[in-house]
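Here is the structure we will look at.
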Amino acid sequence: MENGRITGIGAGPAPRIEGAEHIDGTGCLVTPGLVNTHHHLYQWATQGMYQDSTLFEWLTGLYRTWSHIDADITYGAAAAGLSWLALSGATTSSDHHYIFPKGRGDLFEAEVRAAAEVGLRFHPCRGSMDRGQSEGGLPPDEVVERTDEILGATAETIDRYHDPSFDSMLRVAVAPCSPFSVSETLLRESAALARDKGVRLHTHLAETLDEEQYCREHMGCTPVEYMEKIGWLGDDVWFAHAVHLHDKDIRRFADTGSGSAHCPTSNARLGAGIARVSDLLAAGATVGLGVDGAASSELTSMAGEMRQALLFQRAVHGPQALTARQALCMATLGGARNLGRHREIGSLEPGKLADLAVWRVDGFRAALGDPVCALVFGPTPPLARLLVGGRTVVADDELRTVSRDAVARAGATARHRLLREE
């Protein structure tokens, strides 16, 4: 690696270059850094709540709590959440932030600052909700924004933060929250704005059967049919969850290049179901992985989602439904495709960015024989090194960019402050 990029790959020994740092990879597996394609970092502050609720019950229970978030709470939650991701092998993460209470500071800036300090590539999505309960939506009116305010703020956010360069550490996406919290006008205008600015589109879709029923009652069609009708399918779009898809939906995803972020732990925690990942992959559709918000996926590691994805598909479809290497591919190249960055990250190739995870698969794990099996089938191996653009973020399972204790305290403080203000 040199100047943040991979310059060569081989069996070794590595060439001796004066002044270079040499990393001993004996007993290790080197993979691309993992790519998290769906998260809600602010939810770090509300983990462990509504433990036995459905999605709609969980949301309605938490909306008013979330209405009290401010920039300091967002920063503490983001710093903790992103550090946790780094310790589980993630070098890139998206975030879907869709609640912006008035007069509570610059929440978007707070999470951008946290990502820069931790040192991960960051793809924050400027989320939004404009359809409160008075207009047939799920969220209470006090947590939604006006459509014109959303579009103006989203355009300003893109102009301020989005960096389209090859080695960018920060790219912005446009992300109205969901069909049951957003007006058709906002969805259409958001798509037009994103395409005019050259950024990607993201939203929740087909997460639960409740959502399917809601869309049929209010839109007269299924969630995917609704998205297609309003121009939201395409190779610049990725959807979170996509659990309840019909056969024709899977074909449309594959035909249009629309991606999905599979969040197996969150879907199981909320009793939402198991996404048809093996069918999507067989059809040629793009599938990445996501840990989802920490409040519906407590302390879930990015590496652990590979194992969950593998086991859930096999539980439904048999032991050949998903292989360890397919799970690893979803966590790396699949995620990179979701974010439109497959030319820069997601695989180990000369010229790509030096975003790497080095896993210890020796010791007890050596008995597994196959190092990829050791990574995916069992508990997450120790992380010997995590590099983002060649910069060390984690070494020997310890953060090297920020203090582990400090960010853990920041996350706990965010929770205490939020619940005190409730």
Side-chain angles (χ1 to χ4, degrees), residues 36-69 73-74 76-78 80-82 84-85 88 90 93-99 111 124-125 127 129 138-140 143 175-182 202-212 214 223 238-244 260-275 277 288-309 311-312 331 335 411-412 414-415 418-419 422:
N36 175 37
T37 61
H38 187 63
H39 209 345
H40 306 290
L41 287 165
Y42 74 90
Q43 292 179 11
W44 185 271
T46 52
Q47 296 185 79
M49 301 175 70
Y50 296 92
Q51 296 176 20
D52 305 313
S53 298
T54 65
L55 173 67
F56 277 21
E57 292 167 345
W58 177 87
L59 284 171
T60 53
L62 285 168
Y63 274 136
R64 286 192 169 86
T65 300
W66 293 337
S67 72
H68 296 285
I69 62 173
I73 290 169
T74 301
L82 289 164
W84 188 257
L85 283 172
S88 66
S93 182
S94 64
D95 186 58
H96 189 183
H97 192 103
Y98 53 83
I99 292 184
E111 64 173 8
C125 306
M129 299 189 294
L138 191 68
V143 301
C177 184
S178 65
F180 50 83
S181 61
V182 171
H202 183 52
T203 192
H204 298 94
L205 193 71
E207 185 174 358
T208 66
L209 291 174
D210 288 340
E211 181 186 334
E212 169 106 3
Y214 181 94
W238 85 103
F239 297 107
H241 304 296
V243 174
H244 297 283
S260 61
H262 178 40
C263 306
T265 298
S266 174
N267 295 155
R269 197 266 205 200
L270 294 170
I274 300 173
V277 168
L289 291 180
V291 301
D292 201 12
S296 66
S297 181
E298 281 76 1
L299 293 176
T300 295
S301 75
M302 186 58 200
E305 289 297 73
M306 292 189 287
R307 184 169 187 253
Q308 294 285 69
L311 295 180
F312 286 5
R415 177 189 178 87
L418 179 59
L419 298 186
E422 188 180 7

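In this structure, the side chain to side chain donor-acceptor pair (under 3.5 Å) partners of Ser297, at least two apart in sequence or on a different chain, are Thr300. By the salt bridge (charged side-chain N to carboxylate O under 4.0 Å, His left out) test, Arg269 pairs with Glu298, sequence neighbours left out. Remark: Leu299 pairs with Trp44, Gln47, Trp84 by the side-chain contact (heavy atoms from CB on, under 4.5 Å) rule, at least two apart or across chains. By the side-chain contact (heavy atoms from CB on, under 4.5 Å) test, Ser301 pairs with Ser88, Ala303, Thr380, sequence neighbours left out. Here Thr265 pairs with Glu305, Gln308 under the side chain to side chain donor-acceptor pair (under 3.5 Å) rule; sequence neighbours left out. Ile274 pairs by the side-chain contact (heavy atoms from CB on, under 4.5 Å) definition with Phe312, Gln313, Val316, not counting sequence neighbours. Under the rule for a ring pair (Phe, Tyr, Trp, His ring centres under 6.0 Å), the partners of Tyr214 that lie at least two apart in sequence or sit in another chain are His218. With sequence neighbours excluded, the residues forming a ring pair (Phe, Tyr, Trp, His ring centres under 6.0 Å) with His38 are His40, His96, His202, His204, His241, listed by chain and number. By the side chain to side chain donor-acceptor pair (under 3.5 Å) test, Thr54 is found to be paired with Glu57, residues two or more places apart in sequence or in another chain being considered. Not counting sequence neighbours, Trp58 has no partner by the side chain to side chain donor-acceptor pair (under 3.5 Å) test.
Closest of all the heavy-atom pairs between Gly290 and Asn36 is CA-OD1, 3.1 Å. Shortest non-hydrogen contact noted between Leu270 and Ser53 is CD2-O, 3.7 Å. Across Ser266 and Ser296, no two heavy atoms sit closer than the pair OG-OG, 2.9 Å. Contact record, Ala309 with Pro264: N-CG, 3.8 Å, taken as the closest heavy-atom pair. In terms of heavy-atom proximity, Ala272 sits nearest to Thr208 at CB-CG2, 4.0 Å. Nearest heavy atoms, Val243 versus Gly273: CG1-C, 3.7 Å.
For the atom pair NE2 (His68) and CD1 (Ile73), the distance works out to 9.5 Å, reported to the nearest 0.5 Å. In this structure, Leu209 CG and His244 NE2 are separated by 4.0 Å, a value rounded to the nearest 0.5 Å.
Using a distance-only test at 3.5 Å, with no hydrogens or angles considered, no donor-acceptor pair links the side chain of Ser94 to the main chain of Pro124. With hydrogens and angles ignored, the 3.5 Å screen pairs a side-chain donor or acceptor of Thr203 with a backbone N or O of Pro176.
Under the 4.5 Å side-chain criterion, counting only non-hydrogen atoms from C-beta, Ser67 is in contact with Val143. Residues Leu59 and Pro139 have side chains not in contact (no heavy-atom distance under 4.5 Å, counting atoms from C-beta outward). Between Thr65 and Thr46, some side-chain heavy-atom pair lies under the 4.5 Å cut-off. Annotation: side chain of His39 is in contact with side chain of Leu85 (closest heavy-atom distance under 4.5 Å). Taking the side chain as every heavy atom from C-beta outward, Leu138 and Tyr63 approach each other to under 4.5 Å. The side-chain heavy atoms of Leu41 and His97, taken from C-beta on, include no pair separated by under 4.5 Å.
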Stepwise, does the side-chain contact (heavy atoms from CB on, under 4.5 Å) test hold for Ile99 with Ile69?
CA-CA 8 Å; Ile99 292 184; Ile69 62 173; 4.3 Å; yes
